[in-house]
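What's counted below: heavy atoms across the whole structure, side chains too, no hydrogens, waters or symmetry copies. Residues take their numbers from the sequence shown, with the count starting at 1.
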Amino acid sequence: MNQNTLKKQLRDRYRRERVQKFIPTNFNVILKAPEIVSATTICSYFSYAQEPSTDEINKAFLADGKRLLLPRVNGLVIEWVQWDGNPTNLKTTKNLTEPTGPAVTDTSDVGAVITPALRIDQEGYRMGQGGGFYDRALPTLPGWKIGLVHAGELTSETLPRESHDIALDAAATPSLIVRFKR
């Protein structure tokens, strides 16, 4: 079985499992991580459906005076847009809620990057939804990279990976942060 077929089968399975086991919760556990506390600019995302919720942490970042950058899909890439918390500066297309306004051209001050994932393995490699947007974005962003997954979505199995995949620095469930050794 080729890599793409395997990844597709795993994504399908992980999505089914997520729907079956989904319990709404928050990821406030990351708010006390030193890398988050010290970051003045954070890249995050808007969660949807059964994804780990970013609603509370995004609000907390803004309340703490952090510069919050959120993704907007532009062709095959993510561009980052600063969001001030105003819901009128958002646009929802299908499942994706994206910020409106000009794209940020300088992300050199990003201290932390919050990423979505379906699964994360013991070496920090993530399996996302399959669009490759974060695979292309992560190498261009500085800062501590942490993926959010529900309890039970950290796996001891090695996930399939390709040469362009980037390992995360950490993963968070609603109750813990796991840091990966580099």
Side-chain angles (χ1 to χ4, degrees), residues 1-23 25-36 39 41-54 57-58 69-73 75-80 95-96 107-108 110-182:
M1 173 179 324
N2 74 33
Q3 193 83 326
N4 288 337
T5 303
L6 175 60
K7 282 185 166 184
K8 182 185 179 328
Q9 288 178 348
L10 286 173
R11 280 188 188 94
D12 291 344
R13 183 180 113 205
Y14 296 158
R15 286 183 190 117
R16 279 191 312 275
E17 289 173 359
R18 182 173 271 180
V19 168
Q20 293 167 354
K21 298 175 184 179
F22 176 70
I23 298 172
T25 189
N26 69 58
F27 284 77
N28 293 343
V29 66
I30 73 168
L31 297 176
K32 294 184 180 172
E35 297 87 350
I36 296 292
T41 299
I42 296 179
C43 291
S44 185
Y45 64 97
F46 280 109
S47 55
Y48 70 93
Q50 291 84 29
E51 282 187 329
S53 177
T54 57
I57 60 172
N58 287 344
L69 305 182
L70 298 171
R72 178 172 62 205
V73 174
L76 293 176
V77 299
I78 290 175
E79 56 187 15
W80 299 96
N95 293 328
L96 294 179
T107 57
S108 64
V110 170
V113 181
I114 315 299
T115 67
L118 286 168
R119 285 288 193 284
I120 300 175
D121 72 16
Q122 72 276 359
E123 294 178 41
Y125 287 92
R126 61 181 280 283
M127 180 166 288
Q129 294 289 349
F133 295 102
Y134 278 86
D135 294 328
R136 289 184 286 278
L138 288 175
T140 69
L141 296 168
W144 188 60
K145 295 167 179 66
I146 182 169
L148 303 184
V149 289
H150 294 292
E153 294 179 347
L154 284 172
T155 181
S156 60
E157 298 174 26
T158 300
L159 293 172
R161 61 185 73 131
E162 298 175 63
S163 61
H164 63 267
D165 290 332
I166 302 292
L168 301 174
D169 299 304
T173 70
S175 60
L176 63 94
I177 295 174
V178 175
R179 295 168 192 279
F180 304 110
K181 294 181 182 180
R182 299 280 170 252

Non-hydrogen atoms of Pro142 and Ser108 that approach each other most closely:
CG-O, 3.7 Å
Scanning both residues in full, the closest heavy-atom pair of Ser47 with Pro52 reads CB-O, 3.1 Å
Backbone N or O of [Y] within a donor-acceptor pair of the [X] side chain at under 3.5 Å?
{"X": "Lys32", "Y": "Ile30", "value": "no"}
{"X": "Thr54", "Y": "Tyr45", "value": "yes"}
{"X": "Asp12", "Y": "Gln9", "value": "no"}

If you draw the axis of the six-membered ring of Phe133, does the NZ or CZ of Arg136 fall within 45° of it and under 6.0 Å from the ring centre?
yes
If we only count heavy atoms from C-beta on, is the [X] to [Y] side-chain gap below 4.5 Å?
{"X": "Ser44", "Y": "Leu70", "answer": "yes"}
{"X": "Ile57", "Y": "Asn26", "answer": "no"}
{"X": "Tyr134", "Y": "Pro71", "answer": "yes"}
{"X": "Leu176", "Y": "Val29", "answer": "no"}
{"X": "Arg15", "Y": "Gln129", "answer": "yes"}

Residue list, side chain to side chain contact (heavy atoms under 4.5 Å, CB included) with Ala33, at least two apart or on another chain:
Glu35, Ile36, Trp144, Ile177, Arg179
Under the side chain to side chain contact (heavy atoms under 4.5 Å, CB included) test, residues paired with Glu153 that sit two or more places apart:
Arg18, Arg119, Val149, His150
Once rounded to the nearest 0.5 Å, what's the spacing between atom [atom1] of [X] and atom [atom2] of [Y]?
{"X": "Ile114", "Y": "Ile42", "atom1": "CD1", "atom2": "CD1", "result": "6.0 Å"}
{"X": "Ser53", "Y": "Phe46", "atom1": "OG", "atom2": "CZ", "result": "11.0 Å"}
{"X": "Arg126", "Y": "Leu159", "atom1": "CZ", "atom2": "CG", "result": "10.5 Å"}
{"X": "Leu10", "Y": "Glu17", "atom1": "CG", "atom2": "CD", "result": "9.5 Å"}
{"X": "Asp165", "Y": "Met127", "atom1": "CG", "atom2": "CE", "result": "8.5 Å"}

Check against side-chain contact (heavy atoms from CB on, under 4.5 Å), Cys43 and Leu141
CA-CA 9 Å; Cys43 291; Leu141 296 168; 4.2 Å; yes
Partner of Thr115 under side-chain contact (heavy atoms from CB on, under 4.5 Å), picked from Leu148, Leu138, Ile120, Ile146, is Leu138
Just jot down the salt bridge (charged side-chain N to carboxylate O under 4.0 Å, His left out) partners of Arg161, sequence neighbours excluded, or say none.
Asp121, Glu123
Going through the distances and angles, do Asp169 and Phe180 end up as a side-chain contact (heavy atoms from CB on, under 4.5 Å)?
CA-CA 5 Å; Asp169 299 304; Phe180 304 110; 5.9 Å; no
Under a 4.0 Å N-O cut-off, is there an ion pair linking Asp135 with Lys7?
no
